[in-house]
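As the structure is a computational prediction, the values presented were derived from the model and not from experiment.
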Amino acid sequence: MSKILKFPAKSGVYFLIAATTTATATGVGLQFSPNSADSFLTSSSKFTTLFHGVLRSSRAISTIACTVVDYKHSLHGLPLDSDDYLRVLSEVHLRSAKRILKLCEANKGFYVKAGQFVAALRQVPKEYSSTLSSLQDQAVPCHFNAIKQVLISNLGQDLSEIFLSLDEQPIAAASIAQVHHGILKDHKEVAIKVQYPGLDGLMKLDTSTMSFLSKSIAWLLPEYRFQWLVSEFVEAISLELDFIQEARNSERTAKNFKNNDMVRVPHVFWELTTTQVLTMEFCRGHKVDDVEFLKEMGINPIKVAKALMEVFAEMIFIHGFIHGDPHPGNILVSPEGQNGFCLVLLDHGIYRQLDEGFRIDYCELWKALILLDANKIQQLGERFGVGKYSKYLPLIFTGRTIDSKSTLLGGMSIEEKRNLKQELKSLKMEDISSFMESLPPKFSRILRTDGLLRSIISRLGASQQVRLLAYAKYALYGLSPKLKPQSDYGVKVVLSRLKTNVSYLQLRLVLEILELLSLMENVRHFLRVLSKRFVGAMRRILTLSLSIEFKPN
């Protein structure tokens, strides 16, 4: 059983709450243990801090040095466009990923967080993303004694003056903080997110080492440039460390979805919120990809996938204010609401604000992707700064080449896959590095968010069409003029909405026709195969009959 602090009420009555079962955030945890890690993080000894810093940095430098030597030695002399090169490259990727996994597990702290960050990127080789994904399960909570000191120093008063009860056992242990369940003096249930102590100094040390290593790799292997990745990570983790900003993001998101019954954002208790402590309304629910729970509650997983995609499509294409870390632990499904369920959005630390010009261009890009408008895609790619790599945008977002003749929902033909494989062989690491460096930071963040969403809806059993329809619908809404009902005429508002809905229906019709054509093509292929088999069988029967008929006695 979890231990619960009980504080006396003024009436002398004691309140006790049972341990609450809720969805646990599956972010990567900083590796704390009651005896060793807490003492390291809270130690005032400069010598101890310096010793651990040198040890961690030395471990990182030696790991990266081994990795660089492995790449240089293993790939030396192999033609870049050969099958041997691709085979050996994959083997080196896997060995290197395993080394980095061991480094993250040994150094803990922000190295584990960085490993999780890389695992969520679709732009890195699959050997890295699949190997580092195991870091998702390494969230070890901090001992409550250290958490209690953070609470007291931030809230500035005895905890008994604030809470009737406070559970010492965390209900969630995430990347930079853990969450505890509590009951306030007015009997309101709250979730208290408490930042682990000593993170500022640790972040500066770890990110400085990562930056140094990325620059060293670029110097030794010019085609392998990862400074863009380090910059993305440093920006993301810096945002997450400011709980005041997270609370503001939470309130802004709640305001954006105030008329949407499918979305719930926990209320923030500002009087109990600081840069290191965030106190929110306690919301019950289960992780969005918990299919067993959904079925038990009679909730259709496909409907959940559709609602999820529409919520995030609205964020991207309408609000231009995007939740940057939508992993399953940050999105709960609650069996409440007019439609039988609602989505609870948690962890608002990482958000990306899109400027109006970029938001509109991104809407245009998705319209062009749905309509297969290659010229428009190339034009928008130039505007985004990716130049000659524009032709790969359809491949990244829809899984097909820019000149594909196959239907959007049907995937590429065997011949197109063969041609693409040959083309990708000619791509060098220099091309990949240049592409990633040319992407605007906003684009990288959208790619990461989109990748996480794809993974969730796949686990929910939803098809690609759910995602495409949501993006098509809200891309068109995002292109419609933003009206001000209080100043615009009612007829103007109605006509604008009607025009947008008609455009959406046209796009949906295009998708439905494409899907029908794909189905018809599959049927034709099946009938051709069946016909060939039938003719072959009849020939064999006829041959056998003739041989029996004319067989001499």
Please tell me whether [X] and [Y] have a donor and an acceptor in their side chains that are separated by less than 3.5 angstrom.
X: H180; Y: Q178; answer: yes
X: S57; Y: T209; answer: yes
X: Q353; Y: R359; answer: no
X: H181; Y: E189; answer: yes
X: H319; Y: Y474; answer: no

Review point. Once you round to the nearest 0.5 Å, how far does CG of L452 lie from CG of N330?
Key: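 The CG atom of L452 sits 9.5 Å away from the CG atom of N330.
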Point to revise | NZ-OH distance between K442 and Y362, expressed to the nearest 0.5 angstrom | key: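 The NZ atom of K442 sits 13.5 Å away from the OH atom of Y362.
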Suppose we screen for salt bridge (Lys or Arg N to Asp or Glu O under 4.0 Å). Which residues come up paired with [X], at least two apart in sequence or across chains?
X: R99; value: D70
X: R459; value: D289
X: K303; value: none

Exercise for review: Using side-chain hydrogen bond (donor to acceptor under 3.5 Å, both in side chains) as the criterion, point out the one residue from Q276, Q149, Q195 that pairs with N154.
Suggested key: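 Single side-chain hydrogen bond (donor to acceptor under 3.5 Å, both in side chains) partner of N154 among Q276, Q149, Q195: Q276.
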Point to revise | Residues R352, E235: salt bridge by 4.0 Å N-O rule | key: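 Looking at E235 together with R352, the answer is yes, because their closest N to O distance falls below 4.0 Å.
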Check your understanding: Is a salt bridge present between K113 and E240, judged by a nitrogen-to-oxygen distance below 4.0 Å?
Key ->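 Here K113 pairs with E240 in a salt bridge, since their nearest N and O are under 4.0 Å apart.
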To check you understand the geometry: which heavy-atom pair defines the closest contact between [X] and [Y], and what is its length?
X: T67; Y: S96; answer: CG2-OG, 3.4 Å
X: G349; Y: L239; answer: O-CB, 3.6 Å
X: K193; Y: F243; answer: O-CE2, 3.6 Å
X: L132; Y: G115; answer: CB-O, 3.7 Å

Check your understanding: With sequence neighbours left out, which residue pairs that include part of residues 126-135 fulfil the salt bridge (Lys or Arg N to Asp or Glu O under 4.0 Å) condition?
Key ->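 Checked against salt bridge (Lys or Arg N to Asp or Glu O under 4.0 Å) - neighbours excluded - no pair reaches residues 126-135.
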When the side chains of residues 255-264 are checked against the rest of the protein, which donor-acceptor pairs come out under 3.5 Å, sequence neighbours left out?
residue, atom, partner, partner atom, Å
N260, OD1, M262, N, 2.8
R264, NH1, E336, OE1, 3.4
R264, NH2, E281, OE2, 2.6

Review point. side-chain contact (heavy atoms from CB on, under 4.5 Å) with S250: which residues, sequence neighbours excluded?
Key: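 In terms of side-chain contact (heavy atoms from CB on, under 4.5 Å), with neighbours along the sequence ignored, S250 is linked to V265, V268, H348.
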Review point. Can we call the ring centroids of F317 and Y477 under 6.0 Å apart?
Key: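 Judged by ring-centre distance (under 6.0 Å), F317 and Y477 do not meet the cut-off.
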**Study point:** Centroid separation Y471 to F397 less than 6.0 Å
**Key:**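 No - the distance between ring centres of Y471 and F397 does not fall below the 6.0 Å cut-off.
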Check your understanding: So, does S133 use its side chain to make a donor-acceptor pair with the main chain of S130 at under 3.5 Å?
Key ->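 Indeed, once roles are kept as given, a pair shorter than 3.5 Å links the two residues.
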